[in-house]
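Just follow the structure's listing: the first ligand is 1, and inside any ligand the first atom is 1. Values below: all heavy atoms of this structure, side chains included; hydrogens, waters and symmetry mates excluded.
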Amino acid sequence: MGKIKSVGILTSGGDSPGMNAAIRAVTRAAIYEGWKVFGIYRGYEGLISGDVKEFTTESVSGIIFEGGTILRTSRSKDFMTVEGRAKAYETIKKFGIDALIVIGGNGSLSGAQELTSEYDIPVIGLPGTIDNDLYGTDNTIGYDTALNTIVECVDKIHDTANSHNRIFFIEVMGRDAGFLAMNSAIAAGAEAAIIPESSTNIDQLAAYIERGIRKSKRSSIVIVSEADGGAMHYAERMHNEYPQFDVRVSILGYVQRGGRPSALDRILASRMGVAAIEALKEGQRNVMIGVINDKMVNIPIAQAVKKDKPIGEELINVLSVLSI
Ligand code: F6P
């Protein structure tokens, strides 16, 4: 592997707020080093079809505050095949791309890992997902913004729940991880969070709600992670087993993925983008950039996508102490 003189950058999987700030940071940090930058459109789909454009510093002007991704994204089925990855490598050769920077979640970084194990192309991953489910970083790009969006929505639902004395089951995203559910429950003052990392007993949940009613709480909010049947499933069970409760469901959906990135996400993405170029300069390959205890770290991608990132017992305890 010779000296790096050009990088390709792509966003893949579910978009997350702050991806644009990361694209801007990678582009500018690479140009600062005198390297060429190629923007690859529609994730791995664009890498396969050759949907690639050379970027200048102007290409990333005025995007730090925009949600979504200017490079657009995809969940590419073709890239999961040997033939698809062979075509992707042809594009890499054609444009003279010396290293690839992939911004995305679990599936996207696993794809990068696959490519680099088959071809001689260094890859640096940036954790871009609202789910916060990647090992090796305290936060992923987009998580803070999504959390704030959820809390804003739950605050609004609180108003109507209070007015009607209702029990609300609010479903949030997170795929198989309960970070969004747990932390939004704490931040919004919810009664409970149902997360995939720990089991939920419906009688226990009903006991919490009844306790609240006895203490003349005017409503109850339960945040439900989308895994395990989601809010509908739990609301139906509650309605059938405890018909005295006036239960409603609200599924927040894709509103959670959009919007202007928070300051924290913009800063995180900017630091990670610069660190990605630093990592390549140091000769690192096949690592994900993370921030742990405010320090930049490089984690092997293989670990970032495989190792569990557990939800701390302390968080679970905080919610249960504060919801009495
Ligand atoms: O990974 C981000 C995420 O928003 C998850 O929280 C959710 O389960 C999934 O993507 C939805 O994916 P899609 O955009 O393909 O519907």
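- Defined by atom type and a distance below 3.5 Å, a donor-acceptor pair is missing between the side-chain atoms of Asp15 and Thr73.
- Closest to atom 16 (O) of ligand 1 among all protein heavy atoms lies Tyr254 OH, 2.4 Å.
- Note on ring orientation: taking the six-membered ring where Trp is involved, the planes of Tyr89 and Tyr119 are parallel (angle under 30°, cut-offs 30° and 60°).
- In this structure, Phe38 has its ring center closer than 6.0 angstrom to the ring center of Phe95.
- In Arg257, the part holding a heavy atom less than 4.0 Å from any atom of ligand 1 is the side chain.
- The protein heavy-atom contact nearest to atom 9 (C) of ligand 1 is Arg175 NH2, 3.6 Å.
- For Glu118, the salt bridge (Lys or Arg N to Asp or Glu O under 4.0 Å) partners at least two apart in sequence or on another chain are Arg85.
- Residue-ligand proximity, Met173 to ligand 1, at heavy-atom distances under 4.0 Å covers atoms 4 (O), 6 (O).
- Given atom 1 (O) of ligand 1, the protein heavy atom at minimum distance is Asp131 OD2, 2.8 Å.
- Ring-plane geometry between Tyr143 and Phe179 is classed as perpendicular, the angle between the planes exceeding 60 degrees on a 0 to 90 degree scale with a lower cut at 30.
- For atom 12 (O) of ligand 1, the closest non-hydrogen atom on the protein side is Arg75 NH2, 2.9 Å.
- At a 3.5 angstrom cut-off on N or O pairs, Gly174 counts as close to ligand 1.
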*Using the side-chain contact (heavy atoms from CB on, under 4.5 Å) rule, take His158 and Ile170 through it: C-alpha gap first, then chi angles, then the decisive distance, then the call.*
CA-CA 11 Å; His158 236 133; Ile170 303 175; over 6 Å; no

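- Each of the atoms 5 (C), 6 (O), 7 (C), 8 (O) of ligand 1 lies under 4.0 Å from some heavy atom of Glu226.
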